[in-house]
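All remarks here apply to the structure that follows.
Quick note: residue numbers are just sequence positions, from 1.
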Amino acid sequence: MSAAQHEIVVAGLADLEERERLVVEVDGVELGIYFHAGEVRAWHNVCPHQGGPVCQGKIMPRTVQTVREDRKNGGPAFHPSDRTIVCPWHGFEFDIGTGRHPSAPGIGLRPIPVRVQGDDVIVTIRGDQPGFPGR
Ligand code: FES
């Protein structure tokens, strides 16, 4: 690992599994750490819309439009497994696994490299990541 990056244990996996989401501060920058569908993800807690604290928003099932057998509109429903993070400022939604806005994939959350080792959830902080101080 270069001097320009370092790894930090930000959570215990068992605690993250139970709580589903943790918001932590690393080097003065807030991150949201998520456990969903057996995967761990980390996102900057900065909404791409207007900079709101997106990772403090509700976690909701993704809304889908259903189609009846006669091919007519069956109305909205919740997806059984997909989850979105809903920004508390203006309601933009982001897929918890990809960080992308469901209907505007060009808009998304900024990812932070994260891995699990044993029970430790570890993020990698690089000095060249926007929002982090250089090292
Ligand atoms: S700042 Fe997140 S939706 Fe506007």
Looking only at heavy atoms, the pair that brings Pro48 and Gly108 closest together is CG-O, 3.4 Å
Looking at every heavy atom in both Glu25 and Gly28, which two are closest together, and how far apart are they? OE2-CA, 3.5 Å
Heavy-atom closest pair (Val121 atom, Gly12 atom, distance to 0.1 Å) is CG2-C, 4.2 Å
Side chains of His44 and Ile112: closer than 4.5 Å at any heavy-atom pair? yes
Please give me the minimum heavy-atom distance between Gln65 and Pro76, naming the atom from each residue. NE2-N, 3.8 Å
Closest non-hydrogen atom pair, Trp89 against Pro53: NE1-CD, 3.2 Å
Surrounding CZ of Arg71 (heavy atoms of other residues, nucleotides or ligands, distance under 6.0 Å), is the total greater than 12? no
Please tell me if the side chains of Phe94 and Val54 come closer than 4.5 Å, counting only heavy atoms from C-beta onward. yes
Quick one: does Leu31's side chain get under 4.5 Å of Val114's, heavy atoms only? no
Side-chain (Arg126) to main-chain (Gln5) donor-acceptor, under 3.5 angstrom: no
Salt bridge (charged side-chain N to carboxylate O under 4.0 Å, His left out) for Glu7 and Arg115? Distances and angles first, verdict last. CA-CA 10 Å; Glu7 295 184 322; Arg115 67 184 177 87; 2.9 Å; yes
Looking only at heavy atoms, which two atoms of Val123 and Ala42 are closest? And how far apart? CG1-CB, 4.3 Å
Could you tell me how the ring of His49 sits relative to the ring of Phe92: parallel (under 30°), tilted (30 to 60°) or perpendicular (over 60°)? parallel
Any heavy-atom pair between the side chains of Asp82 and Val64 that's under 4.5 Å? no
Are the side chain of Arg21 and the backbone N or O of Cys55 linked by a donor-acceptor pair below 3.5 Å? yes
All side-chain hydrogen bond (donor to acceptor under 3.5 Å, both in side chains) counterparts of Gln50, not counting sequence neighbours: none
Would you say Val116 and Ile122 are hydrophobically clustered, going by side-chain heavy atoms of ILVMFWY under 4.5 Å? no
Report yes if the side chains of Tyr34 and Ile85 come closer than 4.5 Å at any heavy-atom pair, otherwise no. yes
Under a 4.5 Å cut-off applied to non-hydrogen side-chain atoms, are Val40 and Leu13 in contact? yes
